[in-house]
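Heads up: the structure comes next, in structure tokens.
We count ligands from 1, going down the list as the structure has it; atoms in each ligand are counted the same way.
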Amino acid sequence: MSIRIAEHAGFCSGVREAVERALQEAARRGRVFTLGPLVHNEAVIDYLARHNVVAVNSPEEAAEGVLIIRTHGVPPAVLEQAGRVERLEVLDLTCPKVQRVQKLARKLAESGNQIIIFGDARHPEVKGVVGWAGEEAEIDVVASVEELRSLAIKPAAALIAQTTGDQAVYEELKALFLQCCPGGKVYDTLCPETGLRQREALRLASAVEAMVVVGSPASANTRALAEACRRLKPTVMVAGAGELDPRFLRKYRLIGVTAGASTPHWMIKEVVERMENEKLELGTGLAEEGPGEETVPKAEVMEGEMREGQQDQNQEVKAAAVIEEGEKERAEAEPEALREEAADASEAEDDLAEDFDFAESLNLVQVGEQVTGKVVRAEADEVYLDIGYKSEALLPAREVYLQEGEKLSDRFATGQEIEVTVIDVDEQESKVVVSHKRLAREKRWQELYRLLEEGATEEGRVKQVVNAGMVIDLGEGIEGFMPGSLVDLRYVPDFKPFLGQKVKFKVIEINREKDKVILSRKKVLEEENQRRKEETLRSLEVGSIIHGVVRRLTNFGAFVDVGGIDGLVHISEISWERVEHPQEVVKVGQEIEVKVLDVIPEKERISLSLRQTQPDPWTRAMQELKSGDIVKGRITRLVNFGAFVELRPGVEGLVHISQIADYHVKHPSDVLKEGEEVEVKVLELKPKAKRIGLSMKEVRKSTYNASPGEMESGDPGTVTLGDVFGDLFEQEVASIKEESSAESPEDAAEEE
Ligand code: SF4
């Protein structure tokens, strides 16, 4: 099973801002209250409660302190009610996008329009908007096309939507509404962030086999996401990793994951991790179980796959159609709105149009709004932006995260488009102040979450080194910490050389509440090593000579790094000569050439030879020696059956025990010593087997049989009998005596 995660999923800017503000206030004041749960997500509510953000059902319940109005907003009556509670301060965190709909509803009502709201009448946002429209307003809430169809629509009607409504359904509603009420007004009040999530979820759903939507069922936008996905593919909505049904996951090979605007990122991460685990278990399970109860006949499987393929195609077409249709209608609706505005000369209508249309509402920028501005002028500590407002917006240096010594004019250039958040509006002075860092920081956090989810690699400068590790500048005022153990593959005693350097890293943990980002360079190095290892294993050819570095020495050989992976040079392949330990030939860190003897990729095993990169001394020896030659050598080993004699470095022959002397030798060590120099006669050469048969007794015979003239001549080459036998005879007699005396002391005495 493969998993694909929607790029835009989880907390929207409105919810994030509200949660952050609530936590900040709670930390500052000890405790704050929210009128109703701050977001529709039980896990987040639990978290907030643990951090002294307490949900209450009425302003009176809050008693005193700070009462937060959540992003959904409330009717004005509730604000008034809260204002009457003594020692209760109201902090209104109604999302600016919701505030616009409230304002719009009021203006529409004041103009005598029938207001039709697409949404859930029980949802707090809709209740708030209804409240803002006022008691006199003629207002209807519809949740579906069917409900709209059965509604009596007046000629002066306007259609608006709950910000988190389902975009596809709203497109259908708009079409029907304009059909029933050609002169009616349609306002695109869906939150762009919700729309983005929905469009992306649809695209994702069209490309996968099934969808998992993460979020609470209490969340309207999560439900809307799930419903949109369900129209295309089998979809489950889960409030956490624990709700995932393995049976659902097992049915599909490619699953998409998205999440509502009230779902925190850590929850998405948990769900994805659980799916990843399931994937592993599934892999093992399949391998072990073989065909299980879900097995179907092959023909059926093929048919099913074909049907699925067909269905996929149909669904993709359907998704594309839904998106295209929505975009087309949206495009058509815009000129329609413009046409109406032109036709309607009344100033009030123009004001309304300004308020209602999000796309054209930049002339009424609000605090908290995110806008795109074009740099008109970039100075060292101030930037002026065209955000479509009547005057240029000011971006001061304090609202941008700058590197030490960096100026605004270094960062921004005239004509550049940047996204900013409105932080102050003075309508009278026509002054707007914007912040870059709020949005940039948020975006950076999102990027960091993406890095975490995708396991991608990034680069950052080391800002500070401490005993426990290094602090990395992640940009936009966010810092990451790289613990010492994650800096390198090997122990790093001192991090100072890294200071000011750029290092590659992977994000391995984020705790946004604690502003904590843990980074690992070690993971990057491990991955690079693994890649090099695989590449090396793929490219190695048996018989080729390659370059390597000696990494480790053991009794049985030397480990040589040949490119991210160590191969073994067995001790027998170190040298043509006999070696007791590899250290006699190589040392750790030495660069050497080695020959590849064998490669087993699945076991990551490589056998190498060092000696085979050098000429084989046997070849030369076999050319130089011939049967009958008498040569000198050194005894290297004595064994029961004879003595090994080294004739050349790396070339040994055997003097069989029967060839040591012309009398009986019980063990070679009785007459010979290791290291001793001897003369031997070459009896036999076996080049293929690399064997040389030698004889010592034949040397003596050869010498003994030499011509008398030679013996008498006294030339340096002449050998006497004494030279041949030396004191061997005496030694032999002595050993016989010893043996006899050991057998019978009396006999020994008698013999003496
Ligand atoms: S979904 Fe949109 S309207 Fe609702 S809180 Fe988030 S940003 Fe605001």
Side-chain angles (χ1 to χ4, degrees), residues 6-23 34-41 44-45 48 68-74 91-105 117-120 122-130 132 160-167 169-170 187-201 213-216 218-228 258-265 267-268 355-359 361 364-372 419-422 438-439 442-443 445-446:
E7 197 183 328
H8 295 92
F11 274 2
C12 62
S13 60
V15 169
R16 181 175 303 286
E17 170 82 15
V19 170
E20 281 178 0
R21 281 291 302 278
L23 287 167
T34 62
L35 192 53
L38 195 59
V39 287
H40 285 148
N41 187 300
V44 179
I45 295 163
L48 290 171
I68 289 174
I69 304 298
R70 55 195 176 166
T71 54
H72 306 312
V74 289
L91 177 60
D92 190 353
L93 294 184
T94 306
C95 177
K97 295 175 180 94
V98 176
Q99 280 177 346
R100 291 183 162 221
V101 186
Q102 294 171 343
K103 205 171 159 190
L104 171 63
I117 305 178
F118 163 51
D120 178 353
R122 295 158 303 172
H123 194 277
E125 180 190 320
V126 176
K127 285 183 184 171
V129 172
V130 171
W132 279 89
I160 60 174
Q162 184 181 333
T163 54
T164 49
D166 183 316
Q167 191 175 17
V169 177
Y170 193 46
Y187 299 101
D188 214 346
T189 56
L190 288 177
C191 166
E193 291 194 41
T194 309
L196 178 66
R197 278 164 176 71
Q198 286 180 4
R199 283 195 298 280
E200 216 179 270
V213 180
V214 190
S216 166
S219 157
N221 71 78
T222 309
R223 282 200 311 272
L225 267 187
E227 274 155 29
T258 187
S262 50
T263 310
H265 282 93
M267 188 178 276
I268 307 171
D355 270 338
F356 302 156
D357 194 335
F358 274 24
S361 60
L364 280 178
V365 286
Q366 293 197 3
V367 172
E369 192 176 339
Q370 293 165 12
V371 293
T372 303
E419 284 184 275
V420 288
T421 309
V422 177
R438 295 192 191 187
L439 205 54
E442 178 55 36
K443 278 192 168 176
W445 275 113
Q446 297 308 322

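Atom 4 (Fe) of ligand 1 has its closest protein heavy atom at T163 OG1, 4.0 Å. Protein heavy atom in closest approach to atom 6 (Fe) of ligand 1: C12 SG, 2.2 Å.
Ligand 1 has T194 within reach: a non-hydrogen atom of the residue lies less than 4.0 Å from it.
When all heavy atoms are compared, the tightest approach of S262 to S219 is OG-OG, 3.1 Å. Of all non-hydrogen atoms in T222 and G215, the two that sit nearest each other are CG2-CA, 3.5 Å. Contact detail for A9 and T258: the closest heavy-atom pair is CB-OG1, 4.0 Å.
Close approach to C191 involves these atoms of ligand 1, each under 4.0 Å from a residue heavy atom: 1 (S), 2 (Fe), 3 (S), 7 (S).
Using a cut-off of 2.8 Å, one finds that C95 contributes an N/O/S atom close to atom 8 (Fe) of ligand 1.
Ring-plane geometry between H123 and H40 is classed as perpendicular, the angle between the planes exceeding 60 degrees on a 0 to 90 degree scale with a lower cut at 30.
Within the 3.5 Å criterion, the main-chain N or O of E193 finds a donor-acceptor partner in the side chain of R197.
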